[in-house]
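First the proteins, then the strands, lettered A, B, ... as listed; each starts at 1.
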Amino acid sequence: MSVKGEKAWVVPAAIVAVIVIAISVYGAYTFYVDSAAGRPWRWGTWFWSLGRSFWLAVGGIFWILGTIFFFMELGGYTFKGLKLIRQRIKWDSIDIAIAALCAAVYGGGLTVTGGLTIIPGFTWIRPANMLSPIFGMLFGIPGAIGTAVGNFIADSLAGYLGIGSIGGFVGNFLLAYIPYKFMKDHSMRSARAWFDYYLWAVLIGSVWCAIYISWWLDVLHPVIGLPYEFIWGFFCPFVVVNNAIVTAIVGGVLAYILYPIVKQWGLYWADRIEFEE
Amino acid sequence: MSAEAYGLYLPKDTIIHRLDPRAKILWFIVVLASSIAFSDPRYSIWIYASLIIVGLVARLTPKRFLLVFANSAIFIAACMVFWPRRPQLQVGPVIFELPILHWKYTEIGLLYALGKAILIVNPITAMLIIFSTTFPRDFVQGIMRLGLPYKAGYILMIALRFLPVTVRETKEIIEAQMSRGLEIERGNIIKRIRNYIPIFVPLLVRMVKETVQLGMSMESRCFGAKKQRTFLHELRFTTIDYIWSAGCLLAFAVVLFIRFYLKMGYVAVAW
């Protein structure tokens with residue numbers, strides 16, 4: 001990209017970064033203030049006020065698209081622009097090792113770092129969530145699969161593994177997949193990369209993951225049994241804020257630091273994947 | 001440190017531990033399906049009771065039972081807060097009203113909420129028991145024999161194998177950084193999240209190196225050279241597994257009989 005073109009992205013990148021960080025910090029702040037005051041969380045109230053029908057419709061679109069992406073990628077297909085093409089991931093020992101170690105680090109990280117306590121007795125933000133977009137951006141599909149498996153492991157260690165975890169599996173896959181697929185530059189060494197990061201990895205990724213899991217919990221209500229008000233009025237905004245705040249504040253910096261290391265060791269996804277036009 | 005040290009697996013010699021993972025997965029499916037069939041908690045509570053009995057037979061530790069009950073309490077609380085307040089469940093006489101919030105609870109509201117809570121709790125408790133009584137390697141082999149592709153199963157197996165290593169490394173890095181003056185729990189929320197950068201950077205750099213080493217060692221052992229896989233410890237479906245599976249299916253038949261022939265075990269709500 002030319003210097004002029006690069007400069008054109010500086011202001012949009014700064015604006016989107018400030019907006020996304022402000023939204024996620026405000027979400028965390030309102031959660032803290034409302035919980036301390038013993039009243040319902042205002043974000044939850046606002047989400048729920050949009051109605052279940054709204055969320056079923058919107059969530060359905062997110063869910064169908066997300067599921068198509070998931071199975072399409074696993075089936076060896078992807079899209080470039082608007083064109084569906086075949087991709088060849090080798091799934092050799094290196095890809096298997098990447099997926100497994102991403103899963104171990106993500107699952108272990110979620111377990112060890114637990115949650116940042118912002119209200120005593122109530123653990124909340126999961127710092128290891130910041131790893132999911134990084135795994136997708138740097139390792140591609142094996143990294144996204146690793147993130148999904150890591151979430152499965154963390155669920156099992158917490159004793160929460162159930163039918164709902166299937167939604168969590170694909171939802172976490174998407175959290176890593178969206179920045180991998182939609183960001184143009186994963187090196188984080190251009191203003192455009194930072195703009196894309198805040199847009200796709202933080203904002204859209206977090207929202208997509210939360211809505212995907214919530215919609216799954218909603219439609220499988222006869223099997224899972226969670227109240228709709230809990231799903232859309234607490235769980236969904238909670239997951240959005242949880243994912244967004246940690247990825248917004250440090251995820252980009254981590255990707256910036258790690259990109260040259262991953263590239264140097266030959267593990268960057270673009271160096272390992274082949275596309276058949 | 002062994003792989004099970006950080007997982008849920010509790011190595012013991014009980015009949016539940018000796019069962020084939022596939023028999024336990026069948027049991028999980030029966031627990032889930034039975035819990036769905038019974039929406040009345042006066043019926044589904046017996047499924048929960050059976051899970052506790054299985055847990056006692058498997059000699060789960062008090063700490064593990066505490067985890068079961070703590071998880072159950074969280075879901076029961078969430079269901080009791082949200083479900084009974086739905087307008088469709090506000091029919092019939094009010095049993096009690098919360099003093100400050102003025103939330104009214106009817107009999108049908110309470111029954112429905114408890115039924116839903118048990119529906120959530122039963123499968124996750126069953127899964128907790130499965131993970132507590134099944135060696136991770138055997139669990140992975142079990143699901144691979146049920147059709148999971150070998151490479152997918154292998155990813156899960158290596159991840160579980162490396163989990164304690166990762167946990168140990170993360171703890172070591174946290175301690176090392178804290179000894180250099182890092183205070184993870186200090187500052188506002190932004191500062192506290194930023195404090196994780198010096199923890200995750202060395203962890204991920206180690207991970208990258210381990211990935212290359214692991215990949216090379218797998219390559220040197222000709223990973224993926226043959227389609228047909230063999231296992232050092234082959235799972236066998238023994239007589240006890242057949243008896244257990246038959247028992248599960250029989251119990252499910254009884255559930256179906258009660259629910260659909262006798263038409264009992266559900267809470268009728270007009271949505």
Side-chain angles (χ1 to χ4, degrees), chain A residues 25 28-29 32 91-94 96-105 107-109 111-113 116-118 125 127-128 130-131 134 145-146 149-150 152-153 156-163 222-230 233 245-246 249-250 253-254 257-258 261-262 265-267, chain B residues 6-8 32 36 67-68 71 78-79 81-83 85-86 115-117 119-120 123-124 127-128 131 151 154-167 170-171 174 185 189-190 192-194 196-197 199-201 203-205 207-212 214-216 218-219 223-224:
Chain A
V25 171
Y29 170 77
Y32 170 73
W91 290 113
D92 58 4
S93 52
I94 291 289
I96 298 288
I98 288 171
L101 283 168
C102 284
V105 169
T111 308
V112 175
T113 58
L116 284 174
T117 309
I118 55 171
I125 290 165
M130 67 180 79
L131 299 175
I134 299 167
I145 294 286
V149 175
F152 174 87
I153 291 172
S156 73
L157 291 179
Y160 284 133
L161 196 67
I163 300 298
V223 180
I224 298 171
L226 279 173
Y228 305 124
E229 291 90 334
F230 176 81
I245 196 165
V246 290
I249 293 170
V250 291
V253 179
L254 274 183
I257 297 169
L258 292 166
I261 300 166
V262 172
W265 283 86
L267 300 179
Chain B
Y6 284 107
L8 288 174
L32 176 67
I36 295 165
L67 181 64
V68 169
N71 284 348
C79 286
V81 167
F82 289 101
W83 278 120
R85 291 164 51 214
R86 289 187 73 83
K116 288 294 178 191
L119 169 61
I120 300 167
I124 62 169
M127 202 42 104
L128 192 69
F131 273 84
K151 286 186 177 177
Y154 203 75
I155 289 171
L156 183 58
M157 191 137 63
I158 302 177
L160 290 170
R161 164 69 186 82
F162 270 85
L163 189 69
V165 179
T166 312
V167 169
T170 312
K171 284 183 175 169
I174 290 174
E185 291 291 329
I189 191 69
I190 296 176
R192 276 189 275 170
I193 293 169
R194 272 175 39 211
Y196 278 88
I197 294 177
I199 292 164
F200 284 130
V201 169
L203 180 69
L204 293 177
V205 172
M207 184 205 119
V208 167
K209 288 182 180 170
E210 275 167 9
T211 301
V212 175
L214 176 65
M216 285 195 317
M218 284 165 68
E219 204 70 50
F223 174 81

Which portion of [X] sits near chain B, non-hydrogen atoms under 4.5 angstrom:
{"X": "A/Ile94", "result": "both"}
{"X": "A/Leu258", "result": "side chain"}
{"X": "A/Val223", "result": "both"}
{"X": "A/Leu226", "result": "both"}
{"X": "A/Ile98", "result": "both"}
{"X": "A/Leu267", "result": "side chain"}
{"X": "A/Val105", "result": "both"}

Under a 4.5 Å cutoff for heavy-atom pairs, which residue among B/Met207, B/Met157, B/Met127 has the most contacts with chain A?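 Greatest number of close heavy-atom pairs with chain A: B/Met207.
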Heavy-atom closest contact ([X] atom, [Y] atom, distance):
{"X": "A/Trp91", "Y": "B/Lys151", "value": "O-NZ, 2.8 Å"}
{"X": "B/Lys116", "Y": "A/Pro222", "value": "NZ-CA, 4.4 Å"}
{"X": "B/Gly215", "Y": "A/Ser93", "value": "O-OG, 3.2 Å"}
{"X": "B/Ala78", "Y": "A/Pro227", "value": "O-CG, 4.1 Å"}

Part of [X] lying under 4.5 Å from any heavy atom of chain A:
{"X": "B/Thr166", "value": "side chain"}
{"X": "B/Phe162", "value": "both"}
{"X": "B/Leu128", "value": "side chain"}
{"X": "B/Leu203", "value": "side chain"}

Report yes if some heavy atom in the side chain of [X] is under 4.5 Å from a heavy atom in the side chain of [Y]; otherwise report no.
{"X": "B/Tyr196", "Y": "A/Val250", "answer": "no"}
{"X": "A/Leu254", "Y": "B/Val201", "answer": "yes"}
{"X": "B/Leu204", "Y": "A/Leu131", "answer": "yes"}
{"X": "B/Leu156", "Y": "A/Phe152", "answer": "yes"}

Applying side-chain hydrogen bond (donor to acceptor under 3.5 Å, both in side chains), name anything that partners B/Glu210, two or more places apart in sequence or on another chain.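 Counting only residues at least two positions away or on another chain, B/Glu210 forms no side-chain hydrogen bond (donor to acceptor under 3.5 Å, both in side chains).
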Please list, chain by chain and in numerical order, all residues satisfying side-chain hydrogen bond (donor to acceptor under 3.5 Å, both in side chains) with B/Thr170, sequence neighbours excluded.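 Listed in chain order: nothing, the list is empty.
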